[in-house]
Trainee: 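Structure provided below as C-alpha cells; questions to follow.
Below, read A as the first sequence line, B as the second, and so on, with proteins coming before strands; counting in each chain starts at 1.
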Amino acid sequence: MSRYNAAEIEARWQDAWETAGLFRAERKEGKPKYYVLEMFPYPSGKLHMGHVRNYTMGDVIARYKIATGHNVLHPMGFDAFGMPAENAAMAIGGHPKTWTYNNIDDMVEQMKPLGLSLDWDRMFATCDPEYYGQQQALFLDFLDKGLVYRKNAVVNWDPVDMTVLANEQVEGGRGWRSGAVVERKELTQWFFKISDMADELLGALDGLDNWPAKVKLMQANWIGKSRGLQFAFERVDGGEPITVYTTRPDTLNGASFVGISPDHPIAKAMEGDAAVDAFLAEARKGGTTEEAIETAEKLGFDTGIKVKHPLTGEELPVWIANFILMDYGTGAIFGCPAHDQRDLDFCRKYDLPVIDTFFALDDDTPVGKVAFVPAKSEKVRWVSHFAGLDVATGEEAINATIDFMEAKGLGEGVTKFRLRDWGLSRQRYWGCPIPVVHCEACGVVPEKKENLPVVLPDDVTFDVPGNPLDRHPTWRDVPCPSCGKAAKRETDTMDTFVDSSWYFARFTAPRAATPTNAAEADYWMNVDQYIGGVEHAILHLLYARFFARAMHICGHLPESAKEPFDALFTQGMVTHAIYKTEGADGRPVYHYPEEVTLKDGKAVLDDGRAVEVIPSAKMSKSKNNVVNPLHIIESYGADTARWFVLSDSPPERDVEWTASGAEAAHKHLGRVYRIASEIDAQAQGSEADDTALLREMHKAIHDVTMGVESFGFNAAIAKLYGFTTTLAKSNAGGAAKREAARTLAQLMCPMTPHLAEAVWEKLGGEGLCALAPWPVADAAMLVDDEVVMPIQINGKRRAEISVPKDMDKAEVEKIALAHHAVQKVLDGATPKKVIVVPGRIVNVVA
RNA sequence: GCCCAAGUGGCGGAAUGGUAGACGCAGGGGAUUCAAAAUCCCCCGCCGCGAGGCGUGCCGGUUCGAGUCCGGCCUUGGGUACCA
C-alpha cells in the first residue's frame, strides 16, 4: 500500500503541467474564452492566508472552466507602487525599488508551490517602466480628451515635518511621526473627471447582473444622485448673492441661518481679519477624511453678513461652519435645525432659533434636543407650507416646493451627485510620474509620447521628510517640450489606484507597445469573473469602471468593455488578532503571530514580554497581523492548504485564521488517496450496491457543480466528504468503485489538483485529470424512489412518513392523518386545514 | 456621523419560506494492537429521570409554517475619496 506523499506528488504534477504548457493562454478560435482574475496583490513580501484564499478560489473557477471546455486566461501580477515601500526605505534604509522587487521575487516563490493555474508569462508589476510608461501614455490621451484637469483641493498637512500626509498617517488628528496637529491645506492637483460620468456609472449598475447587490448599492449610494433646489439668498448689504443647494427645500420655512464652508469664497475674502483668521485656522485643524469632518465638534463663526429669506423676507445670519464641505453642492447651505440633527446641534450651541415646519400626524411636540427627521416617504402634517400643503409626504413636499420656486423664478430644481472628481496627485516618490512639465512661458506642457516612459530616478534618499523628486535637480529641471526653455517636471506622482484601474486590460497584451492591443483586448475582454476583497467594493471598482470608459473614449478598449467585469465575487477577509507592544519612543510596535506564544491564556513574546492583544481585524501589513501559510504547505502540502482555506468558511464571509483544521484536511486527503489505492478492480458487487454508489456519485456531481458555480465551495467540500465516506463503505464492485473514485478525483481537481492527478493516474484515467471533460450528472439518478416527509402539527414536527416520491397529495394527506401521532393530537376532531407540499412536508392545522 | 454587511451548539459552519445544527474540528466511549502510531465504529444544542419543554443576537410583525420575509434596536466587521 502506498501512502499519500504530498511533496512528491505536487512537484511531479506541477512539472507535468509546466511541460504541457497547460496554463499558457493564447487566442484560439472554436472554444469559448474565459478570463478569470483575482485582484492582484501588493508585494508586501509575505504571502498570507487571505492571498491563498483569494487565489485558490480563482483557481477553482479557472480549472473548472478548463474542464468545461473553455480557453482560459488566468494571469497574475503585482500592484507594486505605494507607501509601504517608502516607509520601509525610511525605517530600514535601502531603496523602495530594491525592496519591492525583492518582495515580488519572494512572493512568486511562495505562490508557485500552490500549483495555481496561472499564466506566469504574462506577469508584470505596476512599477515596471514598461507598465507605467503605458500608463503615462493613457494619461496624455485622457488629457487630450479633457478627462484630466487641475484644480485646488485640500490635503493633510503636517506643519512640523512640512509634508503631506496620507489619511493613514494621521492618527487622532496628529501626524504619525511629528505628533503635530494636522491641518487641511490647499494644493493645486490633478483630477480625473469621473463626475462627468456619474450618471452613466450609476445607471450602468443596473446591467451588472452578476455583481453582488450590496456592492451595487454601496456604489449607488457613493455616487449619491439627488434632486434638490438651487437658489440664491440676496444679501442685505447688496453683496454677491449666496447660492445654496438643498435636498430638503420643503423645510425652507424652518431656515434659521445660512452656513458656508470655511473654503467658500466669502470666507476666503474675509481672511486678514484676526478673528476670522483665528476661526479659519481652528476650523481647518484635523484631517481631511469625511469621518473626521463629520464627527468633529461643530464650530461656527458669525460673519455679520445678513441675507433675506426669499419667501418671508426675514433676515438670516450667515455663519461659517466647519462641517460644510466646499466639494459638495455649492459649499453653502441653509440650516433647518428642526429637521436636521447637525443643524440642530449647531443652533443649540450658538443659540439660533429652531422653527418647526412639520409634525408627525399624531404628535405635535416641538423639537427639543432631537431633530424630527422622518423618512421622505412618510406623511407629515405641515405647519404652514407656501405651496399650500397640509398633510403630505416629504417627497411630495419637495417636488411641490421645487415647482413653486421655479414658477416664481426664485430657484430651480437641480440634480447633483455626491461623487467628487478623483484627485490623482500624490506628493510622493514611489509612484508613476505624471508626464507633464511646468514652463513659465507655456504653462503646463504634456511630455511628448516619444519621451515616455518618464522614468523615476534611482538616486534618491529618504533621510528627510518630503518628496525626494522635489529636491532632485537633474531629474526635475528639464527643458520645456514645447519651447525648449528651462522648465520643471511635475514632481507629483499618480495615486496607486490609477495603477490598478487598468491592469486587467494590460493582461490581455502585457508586452504591447501601446497600452492595449485591439485584437487581444477584443478577444479576451471582459473579465468573466473577478474576485477580490469586499474592502474594494467602492473605490477600486468604481475607478476601474471609469477607466474602462475613458480608455474606450481614447480607443484603447472596445465599446463592449465599458463595464470590464462581467461577474464579481467579493470574498470576506481573513482576520486575525493584532499583537501590540510599545517601542522605546512610545510608538506602537506590532508583532507577527509567529513571534507570539500563548501562555496560560496570556500572549507573550519569546523574551517573555507581555503583548497587548487587540481583537481580530483585517489582516494588514501595517499591523503585522498576518499569518504565513508557507508552514502549512511545508508540512502538509499545497493541496491541504487549498482544501483547508476553501472548506472552513463560506467564501464571502470573513474568516478568523486558526491553526486547527489543517491537520484534518490533510488526513482527509490521505484517506482519499488510500481509498483509491485499495480498490480491487476485480471485485464483484451486487447490482443494487453498484446502483446505490452511482446514484450517490451523480448527486455528488450535481452538488459539487452547483457549489463551484455559485461560490459555495464549503458546501461542495462537505458533499465531497460525504461522498468519500459513501465510497469507502460501499460494497459495490470494482468497476463501479473505480468509476466513482475517478469521478471523485475530477470533482476534487479544481480544489486539490495534484492529488486529483495522482488518483486519476492510479485509476487508469486518460491523459491529465485537469483536461478531462467535467462529469455531467444524470438527472434520472438524482431522485430517490421513496421520500421521507415530516409531519407538522400546527407548525411543529411530530412525526414522519416514508412515501413513494410521486404519490399524489390526497393519498399523502390520508396517510398523514392516519398516523397515530396525528390521531392523538386531533382526538377525533377534523383538522382545520392540511397543507401538503409534495416531496417536502405535511402540515396539519388542528 | 454616514453608507454596506454579518450575528445559528464548545468552535468553523449547513439549511429553494418546509424535519434547525449537514459536513468538519474539539470532546466522550469503543474496536484493532504486546503497546503505540495509523485506521475504523458509536455518541455529542440546552433543560428534564422521563413524558416533554426551550432553542438561530434582542423586541415586535407577516405566514399553515420564519434562521430565511418586513419594521425597530443591539453588537461586531468593512468603507468613508491620500492604506492597498
Side-chain angles (χ1 to χ4, degrees), chain A residues 3 39 41-42 44 79 81-84 87 155-156 164-170 189 194 212-215 217-222 224 287-296 323 327 341-342 418-428 495-497 499-500 533-540 542-543 570 572-573 575 615-618 620-622 647-650 652-656 658 660-661 663-665 667-668 670-671 674 712 714-715 717-722 725 728-729 788-792 794-800 832-835 837 839-845:
Chain A
R3 280 182 55 127
M39 291 180 186
Y42 179 80
S44 61
D79 188 12
F81 276 133
M83 280 203 314
N87 292 340
V155 293
N156 299 304
V164 176
L165 297 179
N167 288 333
E168 196 184 55
Q169 297 171 317
V170 179
Q189 308 185 62
I194 190 172
K214 65 174 173 190
V215 174
L217 187 56
M218 278 189 262
Q219 291 218 353
N221 289 338
W222 183 261
T288 58
T289 65
E290 190 188 37
E291 184 193 9
I293 292 166
E294 285 284 332
T295 56
F323 57 87
D327 292 315
Q341 190 60 44
R342 214 169 41 177
R418 205 186 77 98
L419 182 67
R420 310 201 293 257
D421 277 333
W422 169 14
L424 66 117
S425 299
R426 296 294 180 269
Q427 296 69 41
R428 273 188 278 281
D495 178 8
T496 57
F497 271 123
D499 311 337
S500 55
V534 67
E535 67 270 27
H536 294 295
I538 296 175
L539 294 179
H540 162 60
L542 190 63
Y543 292 156
T570 53
M573 283 164 304
T575 64
S616 237
K618 176 173 85 157
S620 148
K621 23 196 172 302
S622 61
S647 66
D648 244 23
S649 272
E652 70 279 8
R653 206 179 296 183
D654 289 355
V655 61
E656 160 116 34
T658 58
S660 72
E663 177 81 34
K667 268 188 195 173
H668 177 74
R671 185 166 167 245
R674 188 161 32 76
N714 54 330
I717 282 178
K719 186 68 199 175
L720 286 168
Y721 269 107
T725 302
K729 290 184 176 174
V788 174
M789 289 178 76
I791 302 173
Q792 292 185 333
N794 297 329
K796 283 202 184 287
R797 182 181 173 280
R798 295 293 176 191
E800 62 183 35
K832 287 196 190 109
K833 198 171 178 183
V834 179
I835 289 138
V837 184
R840 274 277 175 214
I841 205 165
V842 181
N843 192 12
V844 179
V845 186

Trainee: Look at the side chain of A:Gln427 and decide which nucleotide, out of B:G78, B:C3, B:C82, has an atom nearest to it.
Mentor: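 The listed nucleotide nearest to A:Gln427's side chain is B:C82.
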
Trainee: From B:C82, B:C4, B:A84, pick the nucleotide closest to the side chain of A:Met218?
Mentor: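 For A:Met218, the side-chain atoms sit closest to B:C4.
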
Trainee: Using both distances under 3.5 Å as the test, list the Watson-Crick or G-U wobble partner of B:A5, or none.
Mentor: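 Pair assignment: B:A5 / B:U76.
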
Trainee: Side-chain N or O of A:Arg426 less than 4.0 angstrom from OP1 or OP2 on B:C83?
Mentor: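 So the side-chain polar atoms of A:Arg426 never come under 4.0 Å of the phosphate oxygens OP1 or OP2 of B:C83.
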
Trainee: When rounded to the nearest Å, what value does the distance between P atoms of B:G10 and B:G21 take?
Mentor: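 Result for the P pair: 15 Å, nearest Å.
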
Trainee: Which one is paired to B:G27, where only Watson-Crick or G-U wobble pairs with both distances under 3.5 angstrom count?
Mentor: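 B:C43 is the nucleotide pairing with B:G27.
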
Trainee: Give one of base, sugar-phosphate or nothing for A:His536, where a contact means two heavy atoms less than 4.0 Å apart.
Mentor: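 Here A:His536 touches the bases of the nucleic acid.
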
Trainee: Contact class for A:Pro41 vs. all strands (heavy atom < 4.0 Å): base, sugar-phosphate, or nothing?
Mentor: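 Touches nothing.
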
Trainee: Assign the ring pair A:Phe497 / A:Tyr543 to parallel, tilted or perpendicular, where the plane angle (0 to 90°) is split at 30° and 60°.
Mentor: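 A:Phe497 and A:Tyr543: perpendicular rings.
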
Trainee: How is A:Arg428 classified with respect to the nucleic acid when contacts are heavy atoms under 4.0 Å: base, sugar-phosphate, or nothing?
Mentor: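 Base: the residue A:Arg428, judged by heavy atoms under 4.0 Å, touches a nucleobase.
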
Trainee: Using the C1' atom as the point on both nucleotides, what is the distance between B:A66 and B:U19, in whole Å?
Mentor: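 My reading of the C1' atoms in B:U19 and B:A66 gives 14 Å.
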
Trainee: Considering every strand and a 4.0 Å limit on heavy-atom distances, what is the contact class for A:Ser500: base, sugar-phosphate, or nothing?
Mentor: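 Since no nucleic acid heavy atom lies under 4.0 Å of A:Ser500, the category is nothing.
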
Trainee: Tell me: CH2 of A:Trp222 to P of B:A81, nearest whole Å?
Mentor: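 Between P of B:A81 and CH2 of A:Trp222: 6 Å.
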
Trainee: Return the nucleotide paired to B:G55: Watson-Crick means purine N1 to pyrimidine N3 with N6-O4 or O6-N4, wobble means G-U with N1-O2 and O6-N3, both under 3.5 Å.
Mentor: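 Pairing partner: none.
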
Trainee: Report the nucleotide, chosen from B:U39, B:C41, B:A14, that has the shortest atom-to-atom distance to any side-chain atom of A:Lys729.
Mentor: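 Of B:U39, B:C41, B:A14, B:C41 is nearest to the side chain of A:Lys729.
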
Trainee: What is the separation between atom CZ on A:Arg420 and atom P on B:A81, rounded to the nearest whole Å?
Mentor: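 Rounded to whole Å, this separation is 7 Å.
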
Trainee: Let me have a per-nucleotide readout for nucleotides 69-74 of chain B, 5' to 3', with B, S or -, counting only protein heavy atoms under 4.0 Å.
Mentor: ------

Trainee: Which nucleotide, in any strand shown, forms a Watson-Crick or G-U wobble pair with B:U32, with both distances under 3.5 Å?
Mentor: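 Result: none.
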
Trainee: Counting any heavy atom closer than 4.0 Å, what does A:Phe323 reach on the DNA or RNA strands: base, sugar-phosphate only, or nothing?
Mentor: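 Answer is nothing: A:Phe323 stays at 4.0 Å or more from every strand.
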
Trainee: Checking only heavy atoms, does the side chain of A:Gln189 share a donor-acceptor pair with the base of B:C82 at less than 3.5 Å?
Mentor: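 When only heavy-atom distances are counted, A:Gln189 does reach the base of B:C82 through a donor-acceptor pair under 3.5 Å.
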
Trainee: May I ask you to say what A:Val844 touches in the nucleic acid, namely base, sugar-phosphate or nothing, with a heavy-atom cut-off under 4.0 Å?
Mentor: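 No contact at all - A:Val844 keeps every heavy atom at 4.0 Å or more from the nucleic acid.
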
Trainee: Using a 4.0 Å heavy-atom cut-off to protein, can you give one letter per nucleotide of nucleotides 17-24 of chain B, 5' to 3': B if the base is in contact, S if only the sugar-phosphate is, - if neither?
Mentor: -BB--BSS

Trainee: Could you state the CG-P distance from A:Asn794 to B:G65, rounded to the nearest angstrom?
Mentor: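 One finds 8 Å between P of B:G65 and CG of A:Asn794, rounded.
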
Trainee: State which of B:U39, B:G1, B:C83 makes the closest approach to the side chain of A:Asn167.
Mentor: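 For A:Asn167, the side-chain atoms sit closest to B:C83.
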
Trainee: Which nucleotide, B:G79, B:U39, B:A5, lies nearest any side-chain atom of A:Glu535?
Mentor: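 The nucleotide sitting nearest to the side chain is B:G79.
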
Trainee: Compare all side-chain heavy atoms of A:Thr570 with those of A:Lys214 and state whether any distance is below 4.5 angstrom.
Mentor: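 The answer is yes; the side chains approach within 4.5 Å.
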
Trainee: When the C1' atoms of B:U63 and B:C69 are considered, how many whole Å apart are they?
Mentor: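 Those two atoms are separated by 10 Å.
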
Trainee: Students often get this wrong, so: under 4.0 angstrom with heavy atoms, is A:Ile791 touching a base, only sugar-phosphate, or nothing?
Mentor: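 Counting heavy atoms under 4.0 Å across all strands, no contact is made by A:Ile791.
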
Trainee: NA contact type, A:Thr295, heavy-atom cut-off 4.0 Å: base, sugar-phosphate, or nothing?
Mentor: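 Base contact.
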
Trainee: To the nearest Å, give me how far apart CD (A:Glu168) and C1' (B:G78) are.
Mentor: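 Atom CD in A:Glu168 sits about 15 Å away from atom C1' in B:G78.
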
Trainee: Could you check A:Asn221 against A:Lys796 and say which one's nearest nucleotide on RNA chain B is further toward the 5' end?
Mentor: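 By nearest-heavy-atom nucleotide position, the 5'-most residue is A:Asn221.
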
Trainee: What distance, rounded to whole Å, do you find between the two P atoms, one in B:G57 and one in B:G9?
Mentor: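 Taking atom P in both B:G57 and B:G9, they lie 8 Å apart.
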
Trainee: Of the candidate nucleotides B:A84, B:C82, B:U39, which contains the atom at the shortest distance from the side chain of A:Pro84?
Mentor: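 Per side-chain heavy atoms of A:Pro84, the pick is B:A84.
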
Trainee: Has the side chain of A:Gln169 got a donor or acceptor that lies under 3.5 Å from a partner of the other kind on the base of B:C82?
Mentor: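 Flag unset: no donor-acceptor pair detected.
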
Trainee: Base, sugar-phosphate, or nothing for A:Val164, non-hydrogen atoms under 4.0 angstrom?
Mentor: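 Base, at least one base atom sits under 4.0 Å.
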
Trainee: Pull up the glycosidic torsion of B:G9 and say syn or anti, syn being anything within 90° of 0.
Mentor: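 That one's syn.
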
Trainee: Answer with base, sugar-phosphate or nothing: what part of the nucleic acid does A:Arg418 contact at a heavy-atom distance below 4.0 Å?
Mentor: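 The answer is base, as A:Arg418 lies within the cut-off (heavy atoms under 4.0 Å) of a base atom.
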
Trainee: Using a 4.0 Å heavy-atom cut-off, does A:Gly533 contact any base of the nucleic acid, only the sugar-phosphate backbone, or nothing at all?
Mentor: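 Contact class for A:Gly533: none.
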
